[in-house]
2 protein chains.
Amino acid sequence: MRVRLRDVAEHAGVSVKTVSNVVNGYVHVSPAMREKVQAALEELNYRANLSARSLRRGRSGLIALAVPALDMPYFAELTRFVVQEAELLGWTVLVDQTDGLREREQVVATGLRSHLIDGLILSPVAMDYAELSAVRDETPMVLLGEKIGGADIDHVAFDNVAAARVATEHLLSLGRTRVAAIGYQAGVVARSGVAEVRRTGYEQALAAAGLPVRASLTRTVAGFQRLEGARAMDSLLAERPDAVLCFNDQLALGALRALAVAGVPVPDEVAVIGIDDIEDGRFSSPTLSTIAPDKAAVAREAVRLLHHRLGGPAAPSREVSVGFELVARESTLGRRG
Amino acid sequence: MRVRLRDVAEHAGVSVKTVSNVVNGYVHVSPAMREKVQAALEELNYRANLSARSLRRGRSGLIALAVPALDMPYFAELTRFVVQEAELLGWTVLVDQTDGLREREQVVATGLRSHLIDGLILSPVAMDYAELSAVRDETPMVLLGEKIGGADIDHVAFDNVAAARVATEHLLSLGRTRVAAIGYQAGVVARSGVAEVRRTGYEQALAAAGLPVRASLTRTVAGFQRLEGARAMDSLLAERPDAVLCFNDQLALGALRALAVAGVPVPDEVAVIGIDDIEDGRFSSPTLSTIAPDKAAVAREAVRLLHHRLGGPAAPSREVSVGFELVARESTLGRRG
DNA sequence: CTGAAAGCGCTTACAG
DNA sequence: CTGAAAGCGCTTACAG
């Protein structure tokens, strides 16, 4: 039942080469021949065997995208963009979930499915550039990560330190002085880990304003989910913060929930800001102020870097930066916003 | 630089067959030989070429999952489960976005990447079973869809009529009589389309309660996103509904937002319920009452059906049903809940 | 328990 | 402009 190129050739009474030429849109085929082949192709309902083609060409048209979790809105939205961009180049995206585990990140970078995928886009959580650079196989790889400069590995950089700093400065600009932070992470984390760099931005902003970093106003979380944000906010209430920077929007939405339950008016008593600009924050009550990274640009640049390594236009620098903007909504400005 | 099985064989001084045996865990290999090969494998850092293996075996270990949109929380959560389940069988998931477009659903079902993927899980929006059954190629396909009975196509069924009916009954049980609905869809939709069947459930519940379906209390949407829910709710306010069934949680979260902006107390004046039980609804203010489908079961059963077609244990019936439960939260019960 | 050889279905120099 | 043939890197009957 499986229709091969050879079957089509026999059916049309031509050579396999000619059928292949037609299938691949090779121009030097006489119109009559092309028509005959086309008819046979349709009559037999031929579908190319992509494994065979890939083996022969040395290219599969598949790229992998490895993110911590598909059900974290930020990554779900990013994945959508990556799939869209890849499609423009005729590539298909294969999705991996690393759960932010070092072991899984390593497996992915070490060449899981090598020779099957043409390239890999990885959003590392546990491993840093140096480690990844050491274990990677020869498959082109693009990292989504921190601005680092001089790294010998392709990556789309987002300045998390600046993002957290700008967010914190926004809270300070409202006259808040007891600015808490939710999202510190305990134990071993990569130097370039998101929690680490956002923490740096937070602390830089406080320092610049001449404010101390109070341990009583910072909270460590086990993960960046809503529930963790709600818990952390609960435990923060006794400290009477007048503002909170959450290291992502999910934490912030959890914090908003905890404040609502406690009956604390936002932003009157406590202003809240997150980072990521996920869809939910635009429709929560109050709506969530946040730092909006240019997700479409992240996806576009990641795919573009891969394209370069796979024979596209000349390679640009290894590091491409992507910007962000402050989006102030009700959780810091109130209803007037 | 590319290491082939043959290179390993030469390096170890054995035949290609032997190396293949070791790589594939074939048992009848002497310990000494195995060890020698193992060493060569590691020394050369051999990675199997999956395209070649797939061509030879006729199996790739890849399955595709086609959903309307990755950034709709319901599908993001579902995708996570599917990836997890697939992994248990050693399968990798390739993700497609159809955007709910008939054209794209058709392309996917017609054999996009046939011979590359071993199977397909499709969540159709625009096409119904009969159409899909007619255009599909021979690749095993499992649909995520409506309970239909007697269909000649594998599918995991979720009773959307019942889900919408139970949700509506919950609103009625609170003594509400002006129960609105947001999520009707205009134009051509599949008979088994989600909007269509949820609408049926809504109307059935009203009829059973002896209430009329008022056109003034139903709203058509262009899509199932929050923004559409907010807009629909805005236009519904003048009709003074005392409850609203939204055909999914995203619409409901949008509706909650519109009610908050309008200063309408929920659930005191208007009770709101959605369907899907997405994460956001557990942390919104008020928290969102909803119908919770067993997403893990949907994923598990879909993968299991595929497994049957791909040589797993004996095939079960073509239709496997998955249940749901009513989760009543603040948007219908108020804070006491 | 191990080896030599065929063949999965393509694409692509190489001839003509 | 078209055809015959090699070969991509595997796995698997078939011998031994």
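A note on names: the letters A, B, ... follow the listed sequences, proteins ahead of strands, and every chain is numbered from 1.
- The interatomic distance linking L116(B) (CG) with dC10(C) (C1') rounds to 13 Å, in whole Å.
- Here T98(B) pairs with nothing under the side chain to side chain donor-acceptor pair (under 3.5 Å) rule; sequence neighbours left out.
- Using a 3.5 Å distance cut-off with no hydrogens or angles, the side chains of S60(B) and S54(B) do not pair a donor with an acceptor.
- Nearest heavy atom pair, residue A9(A) against residue V19(A), reads CA-CG2, 3.6 Å.
- Among residues two or more places apart in sequence or in another chain, the salt bridge (Lys or Arg N to Asp or Glu O under 4.0 Å) test is passed with R136(A) by none.
- When the P atom is compared between dA4(D) and dC8(D), the two are found 22 Å apart, to the nearest whole Å.
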Using a cut-off of under 3.5 Å, enumerate the N/O to N/O pairs linking the protein to nucleotides 1-5 of chain D.
| unit_1 | atom_1 | unit_2 | atom_2 | d |
| --- | --- | --- | --- | --- |
| dC1(D) | OP2 | H28(A) | ND1 | 2.9 |
| dT2(D) | OP1 | S30(A) | OG | 2.9 |
| dT2(D) | OP2 | S30(A) | N | 3.2 |
| dG3(D) | OP2 | S15(A) | N | 3.0 |
| dG3(D) | OP2 | S15(A) | OG | 3.0 |
| dG3(D) | OP2 | T18(A) | OG1 | 2.7 |
| dG3(D) | O6 | K17(A) | NZ | 3.3 |

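- Here dC10(D) presents its C1' atom at 13 Å from CG of D7(B), a figure rounded to the nearest Å.
- Between the E77(B) side chain and the Y74(B) main chain, no donor and acceptor come within less than 3.5 Å of each other.
- Taking the charged nitrogens against the carboxylate oxygens, D154(A) and R309(A) do have a contact shorter than 4.0 Å, which makes a salt bridge.
- Ion pairing of R104(B) with E87(A) is present here, as a side-chain N (NZ or NE/NH1/NH2) and a carboxylate O approach within less than 4.0 Å.
- Across dG9(C), dT11(C), dT12(D), the shortest atom-to-atom separation from the side chain of R56(B) is found for dT12(D).
- Each of dT11(C), dC10(D), dC8(C) was ranked by its minimum atom distance to the side chain of N24(A); first place goes to dT11(C).
- Straight-line distance from the CZ atom of R6(A) to the C1' atom of dC10(C): 11 Å, rounded to whole Å.
- Atom CG in L5(A) sits roughly 14 Å away from atom C1' in dC8(C) (whole-Å rounding).
- If you measure from atom CG of N49(A) to atom C1' of dC10(D), you get 13 Å, rounded to the nearest angstrom.
- In this view, D71(A) and R80(B) satisfy the salt bridge (Lys or Arg N to Asp or Glu O under 4.0 Å) rule, not counting sequence neighbours.
- One interatomic measurement links the two molecules: CG of L55(A) to P of dC8(C), which rounds to 13 Å at whole-angstrom precision.
- Between the CG atom of L41(A) and the P atom of dG9(C) there is a distance of 16 Å, rounded to whole Å.
- Residues meeting the salt bridge (Lys or Arg N to Asp or Glu O under 4.0 Å) test with E301(B), sequence neighbours left out: R304(B).
- Following rounding to the nearest Å, L50(B) (CG) and dG9(D) (P) show an atom-to-atom distance of 14 Å.
- Base pairing in DNA chain D yields stems of at least 3 consecutive Watson-Crick or G-U pairs, both distances under 3.5 Å, namely C:1-3 with D:14-16, C:5-12 with D:5-12, C:14-16 with D:1-3.
- Across the C1' atoms, dG16(D) and dT12(D) are found 16 Å apart, a figure rounded to whole Å.
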